[in-house]
Protein chains: 2
Amino acid sequence: MDQATLTLRGRLQPRDAWQATGCPIAKAMDVIGTRSAFLLMREAFYGTTRFDEFARRVGVSEPVAASRLKELVEVGLLRRSPYREPGQRTRDEYLLTEMGEDFFPTLAALMQWGDRWLGRSGVELRHDDCGEALHVELRCEEGHRVDVGEIALVERRHPKG
Amino acid sequence: MDQATLTLRGRLQPRDAWQATGCPIAKAMDVIGTRSAFLLMREAFYGTTRFDEFARRVGVSEPVAASRLKELVEVGLLRRSPYREPGQRTRDEYLLTEMGEDFFPTLAALMQWGDRWLGRSGVELRHDDCGEALHVELRCEEGHRVDVGEIALVERRHPKG
DNA sequence: CAGGATCCCTAAGGATACTG
DNA sequence: CAGTATCCTTAGGGATCCTG
């Protein structure tokens, strides 16, 4: 029996427990479940704020960029903020909200996975201060690094966490 | 100027650097960019291995389950393994590969985000050993916890990392 | 520059029925 | 139980053209 085949198995009786409250992954994917939404969020983290930059860098058409950005604003991951360049009229730029910033670990995890399994890209994330490479990891409140094989899914203990 | 608006901004000159090698997020989303694929992977982590369990628990129709599972096997996140129940003929079950297991942090990150911003679900992940709640975090090789505001995107230094 | 309007194509996904 | 086949609807996304 392969260790890799035993992950979580049999220790997850309450795996239907969220049928009542809704699986958070399903809820998340309902809200930002498209490739273009993920890539627009990536761009937001890379500092892109202007409509046409989003469209160009992500490589989607303007109509797609427009509807995705609108959805991301409605959902609350981005917000519009007025700005004015000298001699120009006031326009809006798209900025990350706190909810949007908090989405970064998901992108980082996906980036890490893609880099490892779908071929290395030419860039990597590093810690500003010390210059060392970043990675995403699972830790418990006690600070232990947790491996995929050491995880249990349980009914939530503290309602307000 | 809102701190939340400054994330990564201006420190990401090489943000087009992967136009050559391909953005890992885009590659990942090309491979598993659908809601049903994410949810099927969730189920695989929860120990589901049988076709009809996948379809039922994820809440998708058999045709959708069939085509997604097939894609996930082709891509390499799942593999088929023969099993036999007493008195039954041999069948296949779907098991996580190493590539599939390595996808867990992405799901955990999405789960964490969804739980925080889209309403708490009734379940949570915990560390088997100590029983404490899990979370996803960003760390550098030096072991520092890294906040979203302290990240730089740079061209990769060590080609074989 | 920042979109909206329109048209078209393809992919995601549900429903039903059928097979080894 | 583990799918396939068929049909249908909707959503994602591209292309082109137009507007404030």
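The chains referred to below are lettered A, B, ... by the order of the sequence lines, with proteins before strands, and numbering in each begins at 1. The structure displayed is predicted, hence computed values, not measured ones.
- For the segment residues 69-77 of chain A, no residue has any heavy atom less than 4.0 angstrom from an atom of DNA chain C.
- Taking only side-chain nitrogens and oxygens, B/Tyr83 never comes nearer than 4.0 Å to OP1 or OP2 of D/dC1.
- The nearest whole Å value for the distance from the CZ atom in B/Arg80 to the C1' atom in D/dC1 is 12 Å.
- No side-chain heavy atom of B/Arg42 sits under 4.5 Å from any side-chain heavy atom of B/Met111.
- A/Phe54 comes within 4.0 angstrom of no nucleic acid atom, judged by non-hydrogen atoms across all strands.
- A salt bridge does not link B/Glu93 with B/Arg91: every distance from a Lys NZ or Arg NE/NH1/NH2 to an Asp or Glu carboxylate oxygen is 4.0 Å or more.
- Separation of atoms OH (A/Tyr94) and CZ (A/Phe51) is listed at 6.5 Å; rounding is to 0.5 Å.
- Atoms CZ and CH2, on B/Phe103 and A/Trp117 in that order, are 13.0 Å from each other to the nearest 0.5 Å.
- When the C1' atom of D/dC1 is taken as reference, atom CD of B/Glu93 falls 13 Å away, rounded to whole Å.
- The nearest whole Å value for the distance from the CD1 atom in A/Ile32 to the C1' atom in D/dG12 is 16 Å.
- A/Arg79 and A/Thr97 form no side-chain donor-acceptor contact under 3.5 Å, judged by distance and modelled atom types alone.
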Taking only N/O atoms, report every protein-nucleotides 14-18 of chain C pair under 3.5 Å with atom names and distance.
unit_1, atom_1, unit_2, atom_2, d
C/dG14, OP2, B/Ser61, N, 3.3

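- Among the atoms of the strands shown, only primed sugar atoms or phosphate atoms (P, OP1, OP2) are found under 4.0 Å from some heavy atom of A/Ser36.
- One can place CZ of A/Arg56 at 16 Å from P of D/dG14, the figure rounded to the nearest angstrom.
- Ring centroids of B/Phe45 and B/Phe104 are separated by less than 6.0 Å, placing the two rings close together.
- Using a 4.0 Å cut-off, some side-chain N or O of A/Arg68 falls inside it from OP1 or OP2 of D/dG13.
- The phosphate of C/dG20 has neither OP1 nor OP2 within less than 4.0 Å of any side-chain N or O from B/Arg91.
- By the salt bridge (charged side-chain N to carboxylate O under 4.0 Å, His left out) test, A/Asp30 is found to be paired with B/Arg35, residues two or more places apart in sequence or in another chain being considered.
- Atom CG of A/Asp30 is separated from atom P of D/dA11 by 12 Å (rounded to the nearest Å).
- Between B/Glu142 and A/His127, the side chains place no donor N or O within less than 3.5 Å of an acceptor N or O (distance only, hydrogens not considered).
- Note on B/Glu137 versus B/Arg145: salt bridge recorded, some NZ/NE/NH1/NH2 to OD/OE distance being below 4.0 Å.
- OP1 or OP2 of C/dG3 has at least one side-chain nitrogen or oxygen of A/Tyr94 nearer than 4.0 Å.
- One interatomic measurement links the two molecules: CE of A/Met29 to C1' of C/dG13, which rounds to 14 Å at whole-angstrom precision.
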